[in-house]
Amino acid sequence: MGLFDTILGAVANPNQQGSLGQLGGIVNSVQQMSDQTGTNPSTIQSVLSVVGSQVRSALQQKQATDGNQAAQTLVNQYAGTSPNPQAVNSLFSPQIQQQVAQVAAGRTGLDAGIVQQLLPLAVPLVLNFLKSGANVQNPQAGGNSVLNSFLDADGDGDVDIADAIQMASRHMKR
């Protein structure tokens with residue numbers, strides 16, 4: 001099952017935090033980022049793909065060193081649709097932030113400085129997607145299907161935040 005299917009499963013499950021409102025907030029934030037930068041939403045989705053890849057690496061490292069609970073705590077603490085520089089700093093060193101900006105700039109044609117300015121909103125957005133699989137009653141409880149799918153425990157590499165955002169956008173327009 002792909003990441004977006006897992007997100008839709010969380011939206012449909014009343015015991016998980018996912019909702020159409022949450023997906024709509026993420027899609028609206030992508031549109032706002034697009035408007036702010038004067039680019040199309042697909043460019044922002046490409047930026048989020050690069051950011052998502054690095055978030056995945058950071059959460060996998062956190063999971064490997066401190067356990068699933070630590071990764072879930074980071075997701076719960078920093079997920080949102082508002083800019084949060086602390087979210088960026090909690091996951092990425094300044095060097096990684098620059099690296100993410102350079103890779104995203106190379107992929108999208110946006111200036112690396114603009115990409116770096118987008119990180120405080122991009123990271124919480126990615127984490128907000130991941131939070132959708134958390135348990136409603138006890139978000140810290142294990143079993144966040146969306147986070148587990150994103151971290152891709154089976155290692156098949158079939159994970160991409162940009163694809164999930166694009167599908168959410170299409171789903172919201174129905």
Side-chain angles (χ1 to χ4, degrees), residues 2-13 16-59 71-92 96-98 100-105 107-134 136 139 144-147 149-151 159-174:
L3 179 61
F4 187 68
D5 292 331
T6 306
I7 291 168
L8 284 181
V11 167
N13 185 339
Q16 291 181 308
Q17 291 189 10
S19 70
L20 289 178
Q22 179 187 24
L23 287 181
I26 292 168
V27 170
N28 287 340
S29 294
V30 169
Q31 185 61 50
Q32 288 172 356
M33 291 170 72
S34 174
D35 293 345
Q36 288 173 348
T37 58
T39 62
N40 62 37
S42 65
T43 299
I44 299 302
Q45 291 169 7
S46 293
V47 170
L48 290 173
S49 178
V50 172
V51 171
S53 177
Q54 195 60 49
V55 166
R56 180 177 174 219
S57 295
L59 289 175
Q72 183 65 55
T73 296
L74 275 174
V75 169
N76 291 340
Q77 184 174 1
Y78 295 115
T81 56
S82 298
N84 187 344
Q86 192 176 359
V88 179
N89 294 330
S90 71
L91 288 173
F92 305 149
I96 296 295
Q97 291 175 38
Q98 289 177 346
V100 169
Q102 291 296 329
V103 170
R107 191 176 291 177
T108 64
L110 283 176
D111 181 83
I114 291 173
V115 174
Q116 198 143 11
Q117 290 174 6
L118 293 174
L119 290 178
L121 181 54
V123 170
L125 278 180
V126 170
L127 296 176
N128 200 15
F129 247 122
L130 301 179
K131 189 176 179 181
S132 66
V136 170
N144 179 332
S145 58
V146 175
L147 179 60
S149 178
F150 182 71
L151 296 178
V159 175
D160 192 328
I161 276 294
D163 292 341
I165 290 171
Q166 187 175 38
M167 287 184 233
S169 181
R170 282 190 220 136
H171 184 77
M172 297 302 297
K173 290 179 182 173
R174 286 186 193 167

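In this view, Ala58 and Leu91, Phe92 satisfy the side chain to side chain contact (heavy atoms under 4.5 Å, CB included) rule, not counting sequence neighbours. Taking Ser90 as the reference, Leu74, Tyr78 meet the side chain to side chain contact (heavy atoms under 4.5 Å, CB included) condition, with sequence neighbours excluded. For Gln31, the side chain to side chain contact (heavy atoms under 4.5 Å, CB included) test picks out Ser34, Asp35, Pro41, with sequence neighbours left out. Considering only residues two or more places apart in sequence or on other chains, Pro120 meets the side chain to side chain contact (heavy atoms under 4.5 Å, CB included) condition with Pro83, Pro85, Val88.
Side-chain contact between Met33 and Leu125: present, with at least one pair of heavy atoms (C-beta onward) separated by less than 4.5 Å. Between Ile44 and Leu118, the closest side-chain pair of non-hydrogen atoms falls below 4.5 Å. Residues Val50 and Thr108 are not in side-chain contact: their nearest non-hydrogen atoms beyond the backbone lie 4.5 Å or more apart. The closest side-chain heavy-atom distance from Asn89 to Gln97 is below 4.5 Å. Between Val123 and Asn84, the closest side-chain pair of non-hydrogen atoms is not below 4.5 Å.
Here Ser132 contributes atom OG and Leu147 contributes atom CG; the two are 9.5 Å apart, rounded to the nearest 0.5 Å. Taking CD1 of Ile96 as the start and CG of Leu119 as the end, the distance is 11.5 Å to the nearest 0.5 Å. Note that CD of Gln32 and CG of Leu121 are 7.5 Å apart. Values are rounded to the nearest 0.5 Å.
For the side chain to side chain donor-acceptor pair (under 3.5 Å) condition, no pair includes a residue of residues 112-123, sequence neighbours left out. Under the side chain to side chain donor-acceptor pair (under 3.5 Å) criterion, the residue pairs touching residues 120-130 are Gln22-Asn128, with sequence neighbours excluded.
Side-chain atoms of Asn40 and Thr43 form a donor-acceptor pair, as typed in the model, at a separation below 3.5 Å.
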Evaluate the side chain to side chain contact (heavy atoms under 4.5 Å, CB included) criterion for residues Leu59 and Leu127: first the C-alpha distance (whole Å), next the side-chain angles of each, then the deciding distance (0.1 Å), finally the verdict. CA-CA 10 Å; Leu59 289 175; Leu127 296 176; 4.1 Å; yes

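Contact detail for Ala101 and Ala112: the closest heavy-atom pair is CB-O, 3.5 Å.
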